[in-house]
There are 2 protein chains.
Amino acid sequence: MARKKKEEIPESCSCTIIHEDRINRVRKHMPKDEVLFNLAELFKSFADTTRVRILYSLFKEEMCVCDLSAFLGMTQSAISHQLRILKLARLVRFHKVGKVVYYSLEDDHVKEIFNYGLAHINE
Amino acid sequence: MARKKKEEIPESCSCTIIHEDRINRVRKHMPKDEVLFNLAELFKSFADTTRVRILYSLFKEEMCVCDLSAFLGMTQSAISHQLRILKLARLVRFHKVGKVVYYSLEDDHVKEIFNYGLAHINE
DNA sequence: CAAACATATGAATATATATTCATATGTTTT
DNA sequence: AAAACATATGAATATATATTCATATGTTTG
């Protein structure tokens, strides 16, 4: 009575591939893994309320760490750690004046990305 | 010898607020906390390689879970869990034909956001 | 030079989240 | 109805990450 007909489970996918044609067309246009990875990494930089608030603050004004800390009601350390991530993602730039470090947006991509994000939220 | 002059540490920020004027100008233009939170939540949906790959796959073709699973070389379960997140973020839509569920992009915001993301990466 | 201060950072902790595994749900087919 | 199948989902585990705490670095000022 043992009932085991279709014994050939394919690979990682436990199901039958239904649309080889679609997969082949999609494959042609997929960016390299590295690009997709970098894209996800970039969005990780936006994927935190604190970092979003920091970036939004810098839309209008250049600000120092102390300003951001006071304005956002968070410790200097927390802000500084997050600014490091934003620096690594090349989303903010900075310049020092004495002991004060002023941060500003690196380019306008952030604003544009945020605007489309808001458009999606408000639709 | 106890040397404790400036004893009045302000609030969450351990430093002196330097630019009250900047903070006040920024405050005027900050979106509500809820909006900033939702924006971060939206970007969280993009902040994972698997989800980026799923979304990119759907740029060109509507695909079923099985297609995505086979194409991306991941288990059906993993794909399905991630699709749930994309559904909750209203980034993908789906329709059922028999037992097959076809997924597609909800709107064009994703493409636009990705394009600006790529622009930032490639600059 | 010492004190004050703005900022940065390593380590620890707490929390979030991606994947796996097992199984459930719902549909089709025989 | 039972088998096959596509998909969904709860629980467990492993990993990533945000914040805190303590402290380091570098600059200014008395």
Side-chain angles (χ1 to χ4, degrees), chain A residues 1-10 12-19 37 40-41 43-54 63-70 72-89 92 94-103, chain B residues 1-10 12-19 37 40-41 43-54 63-70 72-89 92 94-103:
Chain A
M1 291 66 181
R3 220 34 176 23
K4 295 198 285 179
K5 302 279 177 68
K6 287 236 184 176
E7 195 54 67
E8 8 130 14
I9 292 155
S12 61
C13 166
S14 62
C15 52
T16 309
I17 297 165
I18 303 186
H19 308 95
F37 178 83
E41 286 300 304
F43 289 128
K44 274 182 199 175
S45 308
F46 299 137
D48 174 85
T49 307
T50 299
R51 289 194 293 273
V52 167
R53 296 205 300 154
I54 290 173
M63 291 177 105
C64 68
V65 180
C66 182
D67 291 339
L68 288 166
S69 178
L72 301 178
M74 300 188 65
T75 63
Q76 174 270 321
S77 180
I79 297 294
S80 199
H81 275 295
Q82 296 306 334
L83 282 170
R84 198 176 69 88
I85 292 173
L86 296 174
K87 267 188 285 187
L88 287 174
V92 297
F94 64 95
H95 70 276
K96 302 182 69 169
V97 177
K99 43 189 172 179
V100 180
V101 180
Y102 291 92
Y103 282 87
Chain B
M1 289 77 182
R3 220 36 175 20
K4 295 198 287 180
K5 301 279 177 65
K6 284 235 182 178
E7 194 53 66
E8 8 132 12
I9 292 156
S12 61
C13 167
S14 63
C15 51
T16 310
I17 297 165
I18 303 188
H19 307 96
F37 178 83
E41 285 300 303
F43 290 128
K44 276 183 198 174
S45 309
F46 299 137
D48 174 85
T49 307
T50 299
R51 288 195 293 273
V52 167
R53 296 205 301 153
I54 291 174
M63 291 177 107
C64 69
V65 179
C66 183
D67 291 339
L68 288 166
S69 178
L72 301 179
M74 301 188 64
T75 63
Q76 174 271 320
S77 180
I79 297 293
S80 200
H81 276 295
Q82 297 306 333
L83 282 169
R84 198 176 70 86
I85 292 173
L86 296 174
K87 268 188 286 186
L88 287 174
V92 297
F94 64 96
H95 70 275
K96 302 182 69 170
V97 177
K99 43 188 174 182
V100 180
V101 181
Y102 292 92
Y103 283 88

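Below, all heavy atoms of this structure are taken into account, side chains as well, without hydrogens, waters or symmetry copies. So that the names make sense, note that chain A is the first sequence line, chain B the second, and so on, each numbered from 1.
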query = With no angle test and no hydrogens, is the base of dT20(D) tied to the side chain of His81(A) by a donor-acceptor pair under 3.5 Å?
reply = yes
key: Shortest side-chain distance from Ala78(B), nucleotide among dA8(C), dT27(C), dT19(C)   = dT19(C)
request  = Mind calculating the distance between CD1 (Ile85(B)) and P (dG10(D)) to the nearest angstrom?
outcome  = 13 Å
query = Rounded to whole angstroms, how far apart are CG on Leu83(A) and P on dA18(D)?
reply = 13 Å
request  = Step by step, work out the side-chain contact (heavy atoms from CB on, under 4.5 Å) result for Met74(B) and Arg53(B).
outcome  = CA-CA 11 Å; Met74(B) 301 188 64; Arg53(B) 296 205 301 153; 3.8 Å; yes
key: Length of the CD-P vector between Gln82(A) and dT9(C), whole Å   = 13 Å
task = Start with the C-alpha gap between Leu83(B) and Val101(B), add the side-chain angles, then the distance that decides, and say whether side-chain contact (heavy atoms from CB on, under 4.5 Å) holds.
result = CA-CA 11 Å; Leu83(B) 282 169; Val101(B) 181; over 6 Å; no
key: Phosphate-side-chain proximity, Thr50(B) and dT19(C), N/O vs OP1/OP2 below 4.0 Å   = yes
request  = State, yes or no, whether a side-chain contact exists between Arg51(B) and Phe43(A) at a heavy-atom distance under 4.5 Å.
outcome  = no
message = I need the NE2-P distance between His95(A) and dT27(D), as an integer number of Å.
response = 15 Å
inquiry  = Please classify the nucleic acid contact of Leu68(B) as base, sugar-phosphate, or nothing, using heavy-atom distances under 4.0 Å.
reply    = nothing
query = Using a cut-off of less than 4.0 Å, is there contact between a side-chain N or O of Arg51(B) and OP1 or OP2 of dA18(C)?
reply = yes
task = Decide whether a cation-pi geometry holds between Lys87(A) and Phe94(A); the criteria are a distance under 6.0 Å from NZ or CZ to the six-membered ring centre and an angle within 45° of the ring axis.
result = yes
Paired nucleotide for dA22(D) [Watson-Crick or G-U wobble; both distances under 3.5 Å] = dT9(C)
key: Nearest-nucleotide comparison on DNA chain D, the residue closer to the 5′ end among Glu41(A) and Asp67(B)   = Asp67(B)
message = Using a heavy-atom cut-off of 4.0 Å across all strands, would you classify Lys96(B) as base, sugar-phosphate, or nothing?
response = nothing
task = Please test His19(B) against Cys64(A) for side-chain contact (heavy atoms from CB on, under 4.5 Å), starting from the C-alpha separation and ending with a verdict.
result = CA-CA 8 Å; His19(B) 307 96; Cys64(A) 68; 4.1 Å; yes
Selected nucleotide, minimal atom distance to Cys64(A) side chain, candidates dT20(C), dT28(C), dT7(C) = dT7(C)
ask   = Hey, does the side-chain of Ser77(B) have a donor or acceptor N/O within less than 3.5 Å of a partner on the base of dT9(D)?
value = yes
query = dA6(D) phosphate, OP1 or OP2: any side-chain N/O from Gln76(B) under 4.0 angstrom?
reply = no
note = Whole-Å distance, Lys99(A) NZ to dT29(D) P, equals 7 Å
ask   = Out of dT9(D), dT20(C), dT9(C), which nucleotide sits closest to the side chain of Thr75(B)?
value = dT20(C)
ask   = OP1 or OP2 of dA8(D) sitting under 4.0 Å from any side-chain N/O of Lys87(B)?
value = yes
query = Atom CZ of Phe46(B) and atom P of dT17(C): how far apart are they, to the nearest Å?
reply = 16 Å
remark   = When rounded to whole Å, the OH to C1' distance for the pair Tyr102(B) and dA8(D) reads 18 Å
remark   = Between CZ of Arg84(A) and C1' of dT20(D) the distance, given in whole Å, is 15 Å
note = Distance col, row Ile79(B):CD1 vs Asp67(B):CG, nearest 0.5 angstrom, shows 11.0 Å
task = Have a look at Tyr103(A) and say if it touches a base, only the backbone sugar-phosphate, or nothing, with a 4.0 Å heavy-atom cut-off.
result = sugar-phosphate
request  = Go through dA18(C), dT7(D), dT19(D) for me and flag the one nearest to the Asp48(B) side chain.
outcome  = dA18(C)
